[in-house]
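Have a look at the structure below before the remarks.
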There are 2 protein chains.
Amino acid sequence: MATKNKKMKMMTLDQMKDKDIGKVGTPERDKYEFELRMEVLGDMIKSVRKERNLTQEQLGELIGVQKSQISKLERNTKNVTIETILKVFRALKANVRFSVEMNESEFKVA
Amino acid sequence: MATKNKKMKMMTLDQMKDKDIGKVGTPERDKYEFELRMEVLGDMIKSVRKERNLTQEQLGELIGVQKSQISKLERNTKNVTIETILKVFRALKANVRFSVEMNESEFKVA
DNA sequence: ACAAAAGTTTCCATATAACTCAACTTTTTT
DNA sequence: AAAAAAGTTGAGTTATATGGAAACTTTTGT
């Protein structure tokens, strides 16, 4: 495990990538969340899928699409719609949350 | 203000709606974030736009689209792509974050 | 080293998101 | 109460996301 603290519930995707999600099998962790930047959404899907021990084909079956479609989503070959994102993560029993944060300072009225 | 605590940095969209974002002008708050559920993304855009004191037309100009397009986005007439979401919030100088949380328990391997 | 499984890529069709323009409605201002 | 500003709606166009099928490549297992 990359982190020292056992109370760790949040991790970035980079952290995830670093330690390779596949290897992490600590059973104490029954629920956690991690953030992601938009560009890495595909990696996000892949990570969660792996965590669920599913192949692209199996995930595809859950959703009702071919494995090639899953591959495309994971590899970010297209700009993706919200509906698709939700569909995928719903199948993976994962909740998606969006958050928006405003940095007041940076905005100047024209 | 709907909340008692001044350290409040997180609020749901429902809370936002309740108190009408337009009225909230407390200057102490230089940066905050709130979550949103997918279905209310349009409201999210509207709220942030209002916070920025922009009209739909002005926001449209920033992005390079007509005000009617902004209206449609705010009114959730369509399923929207990530690119569009990012484009809008980027114009509003707001950072979007997606987070995914897995609920281990709910998943059963078939 | 071979076979099987998993993942990727290309070509293609179809559905729909993104967008404009113009007319219309609602809200705000004076 | 009128005018102006802001927001909404509908019709139509264009770009592109979704998806399938099949061949291909990479990885994993034996």
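Quick note: numbers below take in every heavy atom, side chains included, and nothing from hydrogens, waters or symmetry partners. Keep in mind that this is a model prediction, so the values were computed, not measured. Each chain gets a letter, A, B and so on, in the order the sequences are listed, and its residues count up from 1.
We find that CD of Gln56(B) is positioned 10 Å from P of dT9(D), with the value rounded to whole Å. Taking atom CD of Gln66(B) as the reference point, atom P of dG10(D) lies 18 Å away to the nearest angstrom. Across the protein-nucleic acid pair, Gln69(A) atom CD and dT10(C) atom P stand 15 Å apart, rounded to whole Å. Leu73(B) places its CG atom 11 Å from the P atom of dA17(C), with the value rounded to the nearest Å. With rounding to whole Å, Glu61(A) atom CD is found 14 Å from dA5(C) atom P. Between Lys78(A) atom NZ and dA17(C) atom P there is a gap of 15 Å when expressed in whole angstrom units. Remark: P of dG7(D) and CG of Asp43(B) are 14 Å apart, rounded to the nearest angstrom. As rounded to whole Å, 17 Å separates atom P of dA17(D) from atom CZ of Arg75(A).
Under 4.0 angstrom from either OP1 or OP2 of dT8(D) there lies at least one side-chain N or O belonging to Ser71(B). Contact between the side-chain N/O atoms of Arg49(B) and the OP1/OP2 oxygens of dA6(D) is not found at any separation under 4.0 Å. For the OP1/OP2 pair of dA17(D) and a distance below 4.0 Å, the side-chain nitrogens and oxygens of Thr81(A) include no atom meeting the criterion.
Closest-nucleotide positions on DNA chain C for Lys67(B) and Thr55(A) were compared, and the one nearer the 5' end corresponds to Thr55(A).
Of all heavy-atom pairs spanning Leu92(B) and Ile45(B), the tightest one is CD1-O, 4.2 Å. Contact record, Arg49(A) with Leu54(A): NH1-O, 2.8 Å, taken as the closest heavy-atom pair.
Atom CZ of residue Arg90(A) and atom CD of residue Glu83(A) lie 8.0 Å apart, to the nearest 0.5 angstrom.
Within 3.5 Å, a donor on the side chain of Lys72(B) pairs with an acceptor on the base of dT20(C), or the reverse.
Under the 3.5 Å distance criterion, the side-chain polar atoms of Ser71(B) are left unmatched by any main-chain donor or acceptor of Lys67(B).
Gly64(A) comes within 4.0 angstrom of the backbone, heavy atoms only, and of no base. If you check every strand for non-hydrogen atoms under 4.0 Å, Ser68(B) touches a base.
Leu73(A) places none of its side-chain heavy atoms less than 4.5 Å from the side chain of Val65(A).
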